A.B. asks: 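Encoded as structure tokens, here's the structure I'll be asking about.
The structure presented is a predicted model; accordingly, all values stated were derived computationally and were not measured. Lettering of chains follows the sequences in order, A, B, ..., and the numbering in each one begins at 1.
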Amino acid sequence: MTEEIIIAGFGGQGVLSMGKILAYSGIMQDQEVSWFPSYGPEMRGGTANVTVILSDNRISSPILRVYDTAIILNQQSMDKFEEAVKPGGLLIYDGNGISNHPSRKDIKICRVDAAAEAAKLGNTKIFNMIVLGGYLKEKPVVKLDNVMLGLKKSLPERYHDLLPANEKAILRGQEIIQTIE
Amino acid sequence: MTEEIIIAGFGGQGVLSMGKILAYSGIMQDQEVSWFPSYGPEMRGGTANVTVILSDNRISSPILRVYDTAIILNQQSMDKFEEAVKPGGLLIYDGNGISNHPSRKDIKICRVDAAAEAAKLGNTKIFNMIVLGGYLKEKPVVKLDNVMLGLKKSLPERYHDLLPANEKAILRGQEIIQTIE
Amino acid sequence: MKEIRLMKGNEAVAEGAIRAGADAYFGYPITPQSEVMEYLMLEKPHERTGMVVLQAESEVASINMLYGAAGTGKRVMTSSSSPGISLMQEGISYMAGAELPCILVNVVRGGPGLGTIQPSQADYFQTTKGGGHGDYRLIALAPASVQEMFDFAGLGFELAFKYRTPVMIQTDGLIGQMMEKVELSEQQARITEFDQSWATTGKTPDRAQNVITSLDLDSSRQEQHNIHLQKKYQEVADNEVRYETFDSDDAEYLFVAYGSSARICQKAIELGRAKGIKVGLFRPITLWPYPMKELKAAAAKVKGILAVEQSAGQMIEDVKLATECNIKAEHFGRMGGMIPTPEEVLLALENKIIGGK
Amino acid sequence: MKEIRLMKGNEAVAEGAIRAGADAYFGYPITPQSEVMEYLMLEKPHERTGMVVLQAESEVASINMLYGAAGTGKRVMTSSSSPGISLMQEGISYMAGAELPCILVNVVRGGPGLGTIQPSQADYFQTTKGGGHGDYRLIALAPASVQEMFDFAGLGFELAFKYRTPVMIQTDGLIGQMMEKVELSEQQARITEFDQSWATTGKTPDRAQNVITSLDLDSSRQEQHNIHLQKKYQEVADNEVRYETFDSDDAEYLFVAYGSSARICQKAIELGRAKGIKVGLFRPITLWPYPMKELKAAAAKVKGILAVEQSAGQMIEDVKLATECNIKAEHFGRMGGMIPTPEEVLLALENKIIGGK
Amino acid sequence: MDIKDIIKPENLVYKKTDHMTDKVLSYCPGCGHGTAHRILMEVIDEMGVRADTIGVAPVGCSVLAYDFMNIDMQGAAHGRAPAVATGIKRCWPDKFVFTYQGDGDLAAIGTAETIHACNRGENITILFINNGIYGMTGGQMAPTTLEGMRTTTSPYGRDLESMGNPIKITELIANLPGVHYVTRQAVHTPRYVRRTKKAIFKAFDIQKNKKGLSFVEIVSNCNSGWKMTPNQSNIWMEDNMFPYYPLGDIKVDGKIINE
Amino acid sequence: MDIKDIIKPENLVYKKTDHMTDKVLSYCPGCGHGTAHRILMEVIDEMGVRADTIGVAPVGCSVLAYDFMNIDMQGAAHGRAPAVATGIKRCWPDKFVFTYQGDGDLAAIGTAETIHACNRGENITILFINNGIYGMTGGQMAPTTLEGMRTTTSPYGRDLESMGNPIKITELIANLPGVHYVTRQAVHTPRYVRRTKKAIFKAFDIQKNKKGLSFVEIVSNCNSGWKMTPNQSNIWMEDNMFPYYPLGDIKVDGKIINE
Amino acid sequence: MAKVIGAIVVDEEHCKGCEVCVVACPTQVIGMTDRVNSKGYHIAYMETPESCTGCANCAIVCPDGVITVYKMKKEA
Amino acid sequence: MAKVIGAIVVDEEHCKGCEVCVVACPTQVIGMTDRVNSKGYHIAYMETPESCTGCANCAIVCPDGVITVYKMKKEA
Ligand SMILES: Cc1ncc(C[n+]2csc(CCOP(=O)(O)OP(=O)(O)O)c2C)c(N)n1
Ligand SMILES: Cc1ncc(C[n+]2csc(CCOP(=O)(O)OP(=O)(O)O)c2C)c(N)n1
Ligand code: SF4
Ligand code: SF4
Ligand code: SF4
Ligand code: SF4
Ligand code: SF4
Ligand code: SF4
Ligand SMILES: [Mg+2]
Ligand SMILES: [Mg+2]
């Protein structure tokens, strides 16, 4: 199994840490993983994205032109990455702030309104976990147990009390994700 | 005509400027010239030498292993350069401070006791001009007129009153040089 | 049990240095490698192993602090990125001349000048041919994974001390910034009882003074010193070549690429083989000494070579020298921080080598 | 009437700069080139032509003063010797990246490190392959006489402005310290009304702001900038190759040498021809762009090449690349400030090329 | 009364000077760099000297200053702006030349260039933005970082013993005879903005009259690096930075002010 | 009484310390470098700390200091001795580490390293030989060259307007809190040699007690560069250098001495 | 007596929502919108326009220079 | 009263003839030889040995450290 993912959005949306949790989860189930972020000062207030690859085999290129899955969290990223999903691949997006919705017919498109949901739950910090949940619903590349282990690894100990909230968010994401025709 | 000369002695003996005057003299009679000194802090209190080449043709290497003429002004230089005179070449030295006199049979050896003579004349500054005079007696590669022109060129204007004394020293050198059997 | 972590390349080389028993790190922040010092500061290696970490006032100061500490026999490291490495060139030449072991890490970014902070491989010439003055060489290791970033810290110290010479870990923003799984080796003790025969640790009555210098105003002695250095470099060239091949057994074409480009080429091979193109990879691990003989041998079995490097074409010169211009060899690269995609690389192979005359 | 003087190479390049209408010199003392600034200070060029001469606090400051002045469209020069040139590498990369014209003079001494103050040619790699970071090139002129030291100041400015790029006058202690006859050309006026289309001289209402920078954080634009630079370098390579040959018409063997080594080889040719050895000289005048095609053509007519360079063997790589390894080519050189004698050079030809297998 | 009646050209009181470009500033929300840029451009605007002004941008968050200041500018290498400015000024003694530098740029890697441009009394103006941190590279310790302050390279707080003292470079260079005017200001409140602008005016006036080097430090916030909101950071700055880096003139007319 | 009766081992009063090698000093006749070397070695000898001392030589006339000081030494790049010493000292906090630097080395190219080692309060000793000139390279102007002084790069005398002011780096670094002891001395007469030796003792003592950086400037002659005989140069030094660079302690026990 | 009345115009797309103007206004005129601009920032606006004196404090201190200020005399 | 008498020994080959010792001697003991050593330098020597007090001033100030000093009590 090899899953090649791009996650893209605003700097503050937790894009990088979502990728990191995914990568950690992969490690927890003995997979090879790679995580490559956009970096540098242009991230300041701008966009952020990260390429995550999970695989049973040694990973070749950590950067890619096309992806199995694109998780898209703002309009700029939609403009940039809709075309980068492999035919037959998956595109997940949060509808908040999206003006031009994805239109490709050769891929599966899902929507997870995580921003709205997070606002509803009064905790914007779990936004990215809701998205992650949605993704895992569609592609259970890692087991929830391993995600929780990964989360634990990637969070400093002093934040471990947040783990239950995060787990809930993931579950909620799995519930609210919907496939767009 | 090509004349390849090494002049070697102590730092304070005017070795470099003697070479410079010779080079200037060559220019005055439309020759090609090159002048390459030993340089750097090791000159401080140590030895100094300069390679001077005068030629009617374009000069190739400004540094050499063997010379037509070696003008040697202290023992260290004697040790180093006696062997560097081409067979049939000329070695001129000042006997002052020389403990091992030159012994080669295949070259012409001349002695010009310029230090003693300069002391006698009460002007140690003209030491190198006496040596130069001796050399020009043996090898009139440049005309005295041109030497004086060269001297004029290489001396700052404020020292031009010293020219007559220098001319006299050259003439004196021509007188006192003697060939050693 | 193996200790496994998800780490950035920059963090891995820092942790690698700690575990290899490094004594000191001196550095100055610059993107995309600031995580090296940040990681070290966070880890308090002074408490873990006694390792010293100091933020210097500049890269010039860093390299000269390295010189001082290395001159006492210590295992020392610095890291920077292209402009900062340029500032170190005088100091690097001094360290090579004075035969001081150390690890330098260059997380290369796009140049020239201030350029960009994105990944690049355009400092190949600087590292392999001599960015500083005089005849010297750096042993240059080019990791292609985060694991190697970790491993090469240890290997780097080993080589640096074996030959008393600076070792460059030549990598780029891609390897430095990406995270991968790393298997950590065990902590090695810092070496406090070491060979001080040459190190300046204070003259004791039982030995003559030790002096660390690159100066000898006597040219003939200076030449002897240079001959000694050249002999040492020859020994390194004879013994320390490292490289790796992928899918090269049946290959008709070869990518030659190091570091991040090698990773991209591996994906291009997957894509190429899927299309029936028999292409393999020759990956120099040591950029200097360059695997001359090994590449020549590998080249003899194929029809053409594409050297892939994120530059205008630097390593291609060594490819040509290695293969004695006996085989079609072209350069493909992107510049200014652009990273080529596997698709582009494959296309370049098809156009420049397979399709080319 | 021709103005003829006996001058040191260092003085000649300084006088050449004044006469070529240089606007400014910034530098820092270092043997064996301190006479450049000393000569300028003595000559009061500020009174002669208005030229500015300033002793900087370091070579790092010098190169950045150069950057500032060059960025306003001025004709500027600095000079140094090996360790000082190493310190300038960041600044040189910046100037290349920002496309600033200037003359750099490297009066090379023995390295690595502090080395010695005697002549050397071991900074060939640094100058021709890129001592600084990133993909850039310096036009490198290698004078072989004091006359050329004078002439190349003018030529250097011409090329620097034609291509808006730094020009290196690559010489060594031998050429810098020796005196020869120089025929001085006439004083050229300093150019006060110049093309300010790119220079930062104060934004006027009739034009957009001018900016001098080497930064572009946008990688695709940075790549475009790099492509532009590479095109420019190609143009230089196509048009500005300079070289010279001696006694090569009937030659069976060729010395390839530049600068002071070329002079020594000329004497070796005299000695060799006296012994009946038909040897000639191919002398690259531009070290970059290297006379690739021209050397290839010259090599086709001979049996073997000895590359003579006061180094451990740097230019030999370009000789091999130029000749595509199709001809026997060996390196001969001395190091650490030792200057080979003509006799040695000839002997090396006999042993390594004529006698060699 | 309707707002539309007020918003009329003839009622205009304040508007960003056209010496600033229209590009969106690359600075974080609330960062003092933007304010400092603007008042500097206002001075050049009001003095009418744009055609005679060449600015030098540093490497730091303000590396792109030339994207925002609509004047001729050069981007210097990290720390070398004073040398770059020297090169310019020596060739163009009648132009106005300024550098705009951060604390890492000016007081760490650029120390030698700063000290020597000051010591030579180059007739230029140095604007020094002291935010106690390396903003650009992600919040590392600067030479001016306060004792105990947490940064990414002093994650447990700056320790004087091992990391040295926060340096008062401004007081230091004030001792040099070539330096004519030295002041320390801030731009986080309207009052200080007005004062700082006056100081910049004065600095340019000194340059015009060829009296030597003028040096204007602006103590500023780096809310991203300090990990605070902009307004929090301004309060923290008043409480912590100003006591160590007290505001006010340090040297006027070539004479050090002794309180 | 016969001289031979006096010259006996038991009557020995003074003899060059064996911490100096027997090599002929590379310095010009009468140059203060030799004296400075010797008293430094005497201090190390008398303190018995050779086995714990690492010296750092600069680039300057004293580049070969390690040929004369019979102790472990490193030759630093021009100006970088304080960084080299920092590297050593951080790894060996219990060793004695000193730098020996000229005025070009310390106050021109090495300004940043000097200021920052001082500012960090590295527990080292800096010996600073100020002879107002670049001796090694043939007598060029140094940052400390006096106004009007002729050198090969100021052949018509140092002009303050275009070449800047002679810098008092010693007074400058005395302002830095990390610096514990700063003094300015000379070695051209027996009285000053004895004083300077005491100052060096004090500096090493401070280092032993880990109190911070100590900085001993020695105003010295460069008769070659100044183009005078040694004794002339010493008189010229008293008449011209001392008024500008007054001798005496500048900072003691971390406190600046105000006259 | 002629009272002075002011008004500000915020360049909404370029406001970064830093709120520095909010605390700088001596008469507490400025508030922040709930909605965000395309960069995701809340926007400064006149919450109590009637209190604005046109003193320009807000504009002077706005790091992004996005405030334009107007002022006129209002007959009492 | 026991008078103190001193003597100095100059390492002749290593003396550089700088004459710094000459002016440093409080009792004008030291003169310079006419002859030179192999480096060409005149050499410091005790011109008036009877005046030497063994104070070591000359040795302390000799840049090349070539003076060794001896001293003994001379019964009056
Ligand atoms: C030679 C070199 N070293 C390091 C860097 C990386 N760098 C860029 S900006 C910077 C520090 C910026 O801090 P400061 O000068 O305080 O400016 P600020 O961003 O805080 O305004 C550093 C270290 C560089 N670009 N070049
Ligand atoms: C990077 C570099 N720049 C320049 C030099 C040349 N250089 C050697 S010593 C020196 C100055 C010496 O003057 P100072 O430090 O005052 O020592 P002094 O000789 O007067 O004792 C210079 C410029 C060098 N070796 N390295
Ligand atoms: S990082 Fe700091 S200094 Fe830089 S723009 Fe952001 S707040 Fe301003
Ligand atoms: S040049 Fe000057 S400093 Fe150097 S040894 Fe001679 S007198 Fe001393
Ligand atoms: S200060 Fe400017 S950018 Fe900040 S909230 Fe107010 S208007 Fe917006
Ligand atoms: S102009 Fe003055 S009163 Fe009006 S909003 Fe701005 S700060 Fe407030
Ligand atoms: S020991 Fe004293 S008295 Fe004797 S020669 Fe020396 S200085 Fe003079
Ligand atoms: S001071 Fe020393 S070197 Fe100088 S003359 Fe006297 S003994 Fe000789
Ligand atoms: Mg800052
Ligand atoms: Mg000096």
A.B. asks: Quick one: closest heavy-atom pair of B:M148 and B:L163, and the distance?
C.D. replies: CE-O, 3.7 Å
A.B. asks: Given a strict heavy-atom distance threshold of 4.5 Å, which part of B:I59 is in contact with chain D: side chain, backbone, both, or neither?
C.D. replies: both
A.B. asks: Which residues in residues 252-273 of chain D have any heavy atom lying under 4.5 Å from a heavy atom of chain B?
C.D. replies: D:R263, D:I264, D:Q266, D:K267, D:E270
A.B. asks: Return the minimal non-hydrogen interatomic distance between B:A115 and B:D94, and the atom names on each side.
C.D. replies: N-OD2, 2.7 Å
A.B. asks: Can you tell me if NZ on B:K152 sees more than 12 non-hydrogen neighbours from other groups inside 6.0 Å?
C.D. replies: no
A.B. asks: Considering only heavy atoms, give the residues of residues 18-31 of chain B separated from chain D by less than 4.5 Å, sorted numerically, with 'none' for an empty result.
C.D. replies: B:K20, B:A23, B:Y24, B:I27, B:D30, B:Q31
A.B. asks: As an exercise: rank D:R5, D:K8, D:E344, D:M179 by heavy-atom pairs under 4.5 Å with chain B and give me the winner.
C.D. replies: D:M179
A.B. asks: Answer yes when B:E82 and B:R104 have at least one side-chain N-carboxylate O distance shorter than 4.0 Å, and no when they do not.
C.D. replies: no
A.B. asks: Between B:C110 and B:T179, what is the shortest heavy-atom contact and its length?
C.D. replies: SG-OG1, 3.8 Å
A.B. asks: Who wins among B:P37, B:G150, B:S154, B:P62 for the most heavy-atom pairs under 4.5 Å with chain D?
C.D. replies: B:P62
A.B. asks: Please say whether more than 12 non-hydrogen atoms of neighbouring residues, nucleotides or ligands are located less than 6.0 Å from NZ in B:K80.
C.D. replies: no
A.B. asks: Donor-acceptor check, side chain of D:S82 to backbone of D:R109, threshold 3.5 angstrom: yes or no?
C.D. replies: yes
A.B. asks: Salt-bridge test for D:R283 and D:E148: reply yes if a basic N is under 4.0 Å from a carboxylate O, no otherwise.
C.D. replies: yes
A.B. asks: Indicate whether any N or O donor in one side chain lies under 3.5 Å from an N or O acceptor in the other, for D:S79 and D:Q33.
C.D. replies: yes
A.B. asks: Taking all non-hydrogen atoms of both residues into account, name the closest pair between D:Q177 and D:P32 and its distance.
C.D. replies: NE2-O, 3.0 Å
A.B. asks: So which heavy atom on D:S80 is nearest to which on D:E59, and how close?
C.D. replies: OG-CG, 3.7 Å
